[in-house]
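Heads up: the structure comes next, in structure tokens.
Throughout, numbering of the chain's residues begins at 1 and tracks the sequence. These numbers were taken from a predicted model, which means no experiment stands behind them.
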Amino acid sequence: MTVVVPLIIGQIVRRYIKDWLERKQPPFGAVSSSVLLMIIYTTFCDTFSNPSIDLDKFSLLLVLFIICSIQLSFMLLTFIFSTRNNSGFTPADTVAVMFCSTHKSLTLGIPMLKIVFAGHEYLSLISVPLLIYHPVQILLGSVLVPTIKSWMVSRQKGVKLMRPTV
């Protein structure tokens, strides 16, 4: 009810108001960002204002380290598998695979956690890894973009040079 029903309703309504949306071009990007920020803010408030949460600094840093390690490992694995000769992926495809396959969203994760663990006394503690994962994926992405971009550009130039002209 929380995730799938709004998605289905949105897809149905979209069919009928598509022309109006294209003419008016409402600021969906700003609305989407605002809603995401509100979800993150309320979840942070719910999590860290909970008196039953017993999370020391060492545990929080350990969770942060584990999440960074997992994120980097998955990105490296997707890079290795998508750059193999028989993968059929272009350099641009590899970048898309690397970032899209490892990124998850709080907008889907938090409602799912609240549904699966409804009434659980440690829901705040359970949501901590997801609250850390989202900012980490954004930070890692912004740190890796210059390196990945230069790799992609150099690889695409190499592919263009190797193609025969017709």
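- With contacts defined as side-chain heavy-atom distances shorter than 4.5 Å, the pair Trp151/Leu144 does not qualify.
- Pairs engaging residues 55-67 under the side chain to side chain donor-acceptor pair (under 3.5 Å) rule: Asp56-Ser59 [sequence neighbours left out].
- Residue Met152 comes nearest to Ala92 through the heavy atom pair SD-CA, 3.7 Å, listed as atom of the first residue, atom of the second, then distance.
- Under the 4.5 Å side-chain contact rule for hydrophobic residues, Phe79 and Ile70 do not share a cluster.
- Distance check: Ile67 CD1 to Gln137 CD gives 10.5 Å after rounding to the nearest 0.5 Å.
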What pairs of donor and acceptor atoms, side-chain ones from residues 108-119 against any protein atom, are under 3.5 angstrom apart with sequence neighbours left out?
none

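- Taking Ile, Leu, Val, Met, Phe, Trp and Tyr as members and joining any whose side-chain heavy atoms lie under 4.5 Å apart, directly or through other members, the hydrophobic cluster of Phe89 also contains Val97.
- Under a hydrophobic clustering in which Ile, Leu, Val, Met, Phe, Trp and Tyr are joined whenever their side-chain heavy atoms come within less than 4.5 Å, directly or via other members, Phe74 and Ile138 fall into different clusters.
- Under the side-chain contact (heavy atoms from CB on, under 4.5 Å) criterion, Leu60 pairs with Leu55, Val128, Ile132, sequence neighbours left out.
- Nearest heavy-atom pair across Ser82 and Thr94 is OG-CG2, 3.0 Å.
- With sequence neighbours excluded, the residues forming a side chain to side chain donor-acceptor pair (under 3.5 Å) with Ser127 are Thr47, listed by chain and number.
- Partners of Leu140 according to the side-chain contact (heavy atoms from CB on, under 4.5 Å) rule, which considers only residues two or more places apart in sequence or in another chain, are Gln71, Leu72, Val136.
- Cluster note: Ile80 groups with Leu76 through ILVMFWY side-chain heavy atoms spaced under 4.5 Å, whether in direct contact or through intervening members.
- Annotation: side chain of Pro26 is in contact with side chain of Leu21 (closest heavy-atom distance under 4.5 Å).
- How far CG of Leu123 is from CD1 of Ile126: 6.0 Å, rounded to the nearest 0.5 Å.
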Please set out all donor-acceptor pairs under 3.5 angstrom arising from side-chain atoms of residues 5-18, sequence neighbours excluded.
none

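- Surrounding CG of Asn86 are more than 12 heavy atoms belonging to other residues, nucleotides or ligands, all under 6.0 Å away.
- How far CD1 of Ile66 is from OG of Ser73: 11.5 Å, rounded to the nearest 0.5 Å.
- Annotation: the span from Thr90 atom OG1 to Arg155 atom CZ amounts to 10.5 Å, rounded to 0.5 Å.
- Here Leu139 pairs with nothing under the side-chain contact (heavy atoms from CB on, under 4.5 Å) rule; sequence neighbours left out.
- Evaluation of the ring-ring contact (aromatic ring centres under 6.0 Å, His included) rule for Phe81 yields no partner, not counting sequence neighbours.
- Using a 4.5 Å cut-off on side-chain heavy atoms (C-beta onward), Ile148 and Phe99 make contact.
- Qualifying side-chain contact (heavy atoms from CB on, under 4.5 Å) partners for Ser34, counting only residues two or more places apart in sequence or in other chains: none.
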